[in-house]
Amino acid sequence: MQVLYLSNRRDVLSITVAALRAAVPEPLEIVVITPTATGIEGVTDLIEAELLSGAERRAAADADHGGRNTMLRDLAVRRGPVADRFVVSDDDYRPLGPLAADFWERAGKLRSYVSHDLARWRRLNTSYDGTQLNTWLALAQWDCPHLGYGAHLPQLMVRD
């Protein structure tokens with residue numbers, strides 16, 4: 001299983017990677033989008049400056065937190081060594097114990113961990129709030145379900 005992180009905190013990430021490796025019995029491939037090499041054994045670093053063009057680096061620098069993170073993850077999926085199926089997670093998400101074999105998928109279906117209905121999101125004072133609103137607007141435009149899956153839980157993603 002491949003896990004994609006976005007991190008600029010080597011110390012936090014190293015503890016998280018160790019905790020995940022202890023909780024998951026299968027082999028893990030850890031990929032991290034990072035400004036500088038992490039030096040963590042067995043981790044593939046995607047250095048931001050190598051992932052982004054000059055114009056993209058300027059756009060990322062001008063973007064708010066949510067926009068920058070979305071941009072970096074999107075480009076890593078399009079350009080990096082990201083598998084067809086991968087887990088996207090935050091560098092401070094740590095399992096509290098062993099993960100069951102069906103944590104990511106059950107009976108051939110992905111298990112998604114929903115945190116809220118984006119249509120009911122009412123806060124607008126942070127960049128995260130703006131990201132939630134923009135996501136809801138896009139999903140509503142395409143007449144898609146508008147559930148939020150962020151909730152600081154890792155999510156199994158399918159590239160397609």
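Nothing fancy with the numbering, it's 1 onward along the sequence.
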message: Whether E50 and R79 form a salt bridge (side-chain N of Lys/Arg under 4.0 Å from carboxylate O of Asp/Glu) is what I want to check.
response: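 E50 and R79: not salt-bridged.
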field: R122 bridged to D129 by N-O distance under 4.0 Å
entry: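 Result for this pair is no, no salt bridge flagged.
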Keeping the roles fixed (side chain from [X], backbone from [Y]), state whether a donor-acceptor pair exists under 3.5 Å.
| X | Y | answer |
| --- | --- | --- |
| Q2 | A83 | yes |
| S14 | D11 | yes |
| R111 | D102 | yes |
| W136 | A138 | no |

For the residue pair [X] and [Y], establish whether any side-chain heavy-atom pair is separated by less than 4.5 Å.
| X | Y | answer |
| --- | --- | --- |
| L156 | R85 | yes |
| R94 | V17 | no |
| P154 | W104 | yes |

Closest approach of [X] and [Y], non-hydrogen atoms and distance?
| X | Y | result |
| --- | --- | --- |
| P145 | L139 | O-CD1, 3.5 Å |
| A23 | G97 | CB-O, 3.3 Å |
| G66 | T131 | CA-OG1, 3.6 Å |
| V82 | A76 | CG2-O, 3.3 Å |
| D91 | S7 | OD2-OG, 2.7 Å |
| S89 | R73 | O-NH2, 3.8 Å |

Reported [atom1]-to-[atom2] distance for the pair [X] and [Y], which is rounded to 0.5 angstrom:
| X | Y | atom1 | atom2 | result |
| --- | --- | --- | --- | --- |
| E48 | L72 | CD | CG | 5.0 Å |
| E56 | L75 | CD | CG | 5.0 Å |
| I33 | M71 | CD1 | CE | 11.5 Å |
| R21 | L28 | CZ | CG | 7.0 Å |

Determine whether [X] and [Y] fall in the same hydrophobic cluster, where Ile, Leu, Val, Met, Phe, Trp and Tyr are linked whenever their side-chain heavy atoms lie under 4.5 Å apart.
| X | Y | answer |
| --- | --- | --- |
| F86 | M1 | no |
| L110 | Y93 | yes |
| V3 | F103 | yes |
| V32 | L20 | yes |
| V24 | I40 | yes |

field: Over 12 foreign heavy atoms within 6.0 Å of CG, L96
entry: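 Check fails, neighbour count at 12 or below.
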- prompt: Are more than 12 heavy atoms from other residues, nucleotides or ligands located less than 6.0 Å from atom CZ of R159?
  reply: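 Counting other residues, nucleotides and ligands, CZ of R159 exceeds 12 neighbours.
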- prompt: L6 and D90: side-chain contact (heavy atoms from CB on, under 4.5 Å), yes or no, with the steps?
  reply: CA-CA 6 Å; L6 176 63; D90 291 318; over 6 Å; no
message: Assess the residue pair I30 and Y5 against the criterion (side-chain contact (heavy atoms from CB on, under 4.5 Å)); give the C-alpha distance rounded to whole Å, side-chain angles, the decisive distance to 0.1 Å, and a yes or no.
response: CA-CA 8 Å; I30 307 294; Y5 289 105; 3.8 Å; yes
message: Apply side-chain contact (heavy atoms from CB on, under 4.5 Å) to residues L4 and V87 and explain how you reach the verdict.
response: CA-CA 6 Å; L4 176 65; V87 173; over 6 Å; no
message: I'd like to check the salt bridge (Lys or Arg N to Asp or Glu O under 4.0 Å) partners of D74; sequence neighbours left out, ordered by chain and number.
response: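 So D74 forms a salt bridge (Lys or Arg N to Asp or Glu O under 4.0 Å) with R78.
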message: I'd like to know whether H65 forms a side-chain contact (heavy atoms from CB on, under 4.5 Å) with Y128, so could you lay out the CA-CA distance, the side-chain angles of the two residues, the decisive distance to 0.1 Å, and finally the verdict.
response: CA-CA 7 Å; H65 179 75; Y128 181 79; over 6 Å; no
query: When you check the side-chain N and O atoms of T34 and D45, is any donor under 3.5 Å from an acceptor?
result: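 There is no such pair between these side chains.
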query: Can you list the steps and then say if Q132 with T135 is a side chain to side chain donor-acceptor pair (under 3.5 Å)?
result: CA-CA 5 Å; Q132 298 301 293; T135 301; 5.4 Å; no
field: Trace of the side chain to side chain donor-acceptor pair (under 3.5 Å) decision for R10 with T38
entry: CA-CA 6 Å; R10 184 205 181 283; T38 63; 5.8 Å; no
